[in-house]
Amino acid sequence: QVQVVESGGGLVQPGGSLRLSCAASGRTFDTYVMGWFRQAPGKEREFVAAIRWRGGHTYYGDSVKGRFVIAGERAKNTVSLQMNSLNTEDTATYYCAYGPYAIVSSVPQQFAYKYWGQGTQVTVSS
């Protein structure tokens, strides 16, 4: 069994930055991917970013490209999400997820992730 725990959410002003962290504990594998999704009230869960342990490949959703950066440390099974130039549309609950890598097109899909954290709230407001 794998446990996934997020941290680092909070309140930030528009234009500001925030860094989220996620740790996976338990039985983990090099072939897996760790990703971030978010869900705003009344909206569907959206892919944000992911990192594939093998090769260190990173993937981003269109709405965060150029503003968010995902980084990971395989030895510790931790990933971070540096969020810059935040705006009110980034307000959401952010979820960390962990699952086996299959093909590139599966990375942004929720069904590809087997383990999920409880989520951490990010609020962008003045």
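- By the criterion of side-chain heavy atoms lying less than 4.5 angstrom apart, applied directly or through intervening Ile, Leu, Val, Met, Phe, Trp or Tyr residues, Val79 is grouped together with Met83 in one hydrophobic cluster.
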Exercise for the section: Give the intermediate values and the outcome of side chain to side chain contact (heavy atoms under 4.5 Å, CB included) for residues Val122 and Thr91. Expected result: CA-CA 5 Å; Val122 173; Thr91 295; 6.0 Å; no
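- Partners of Lys43 according to the side chain to side chain contact (heavy atoms under 4.5 Å, CB included) rule, which considers only residues two or more places apart in sequence or in another chain, are Ala40.
- Put simply, the side chain of Arg54 reaches to within 4.5 Å of the side chain of Thr31, judged on heavy atoms.
- Placement of Ile70 and Tyr115 within a single hydrophobic cluster is found when ILVMFWY residues are connected by side-chain heavy-atom separations under 4.5 Å, directly or transitively.
- At least one side-chain heavy atom of Tyr59 sits under 4.5 Å from a side-chain heavy atom of His57.
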Handout entry: Working for side chain to side chain contact (heavy atoms under 4.5 Å, CB included), residues Val4 and Trp116
Key = CA-CA 6 Å; Val4 178; Trp116 291 80; over 6 Å; no
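- Annotation for Met34 and Ala24: closest pair CE-CB, 3.9 Å, computed over non-hydrogen atoms.
- A donor-acceptor pair shorter than 3.5 Å cannot be found between the side chains of Gln13 and Ser126.
- The line from SG of Cys22 to CD1 of Ile51 is 12.0 Å long, rounded to the nearest 0.5 Å.
- Counting heavy atoms from C-beta outward, Leu81 and Val48 have side chains that approach closer than 4.5 Å.
- Looking at Tyr32 and Val2, their side chains never come closer than 4.5 Å, going by heavy atoms from C-beta outward.
- Here the side chains of Arg38 and Val64 are in contact, with some heavy-atom distance below 4.5 Å.
- Other residues, nucleotides and ligands contribute more than 12 heavy atoms inside 6.0 Å of the CD atom of Gln121.
- Residues in residues 26-84 take part in no disulfide (SG to SG under 2.5 Å) pair, two or more places apart or across chains.
- Under the 4.5 Å side-chain criterion, counting only non-hydrogen atoms from C-beta, Phe37 is not in contact with Glu46.
- Judged by distance alone, with hydrogens and angles left aside, the side-chain atoms of Thr120 form a donor-acceptor pair with the main-chain N or O of Gly9 at under 3.5 Å.
- For Tyr94, there are no ring-ring contact (aromatic ring centres under 6.0 Å, His included) partners at least two apart in sequence or on another chain.
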Check residues 96-104 and write down every donor-acceptor pair under 3.5 Å in which the side-chain atom is one partner and the other belongs to a residue at least two apart or another chain.
{"unit_1": "Tyr98", "atom_1": "OH", "unit_2": "Phe29", "atom_2": "N", "d": "2.8"}
{"unit_1": "Tyr101", "atom_1": "OH", "unit_2": "Val104", "atom_2": "N", "d": "3.2"}

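- The line from OG1 of Thr93 to CD of Gln39 is 7.5 Å long, rounded to the nearest 0.5 Å.
- Trp53 is linked by a ring-ring contact (aromatic ring centres under 6.0 Å, His included) to nothing, counting only residues two or more places apart in sequence or in another chain.
- Residues Leu20 and Phe68 fail the side-chain proximity criterion, which asks for heavy atoms closer than 4.5 Å.
- Rounding to the nearest 0.5 angstrom, the gap separating the CG atom in Asn77 from the OG atom in Ser25 is 8.5 Å.
- For the atom pair CZ of Arg74 and CZ of Arg52, the computed distance is 13.0 Å after rounding to the nearest 0.5 Å.
- Geometric assessment of Arg45 against the ring of Tyr95 yields a positive cation-pi assignment under the 6.0 Å and 45° thresholds.
- Shown here are the side chain to side chain contact (heavy atoms under 4.5 Å, CB included) partners of Arg19, two or more places apart in sequence or in another chain: Ser21, Ser80, Gln82.
- Residues Val107 and Tyr113 form a side-chain contact, since some pair of their non-hydrogen atoms from C-beta on lies under 4.5 Å apart.
- A donor-acceptor contact closer than 3.5 angstrom is absent between the side chains of Arg67 and Ser17.
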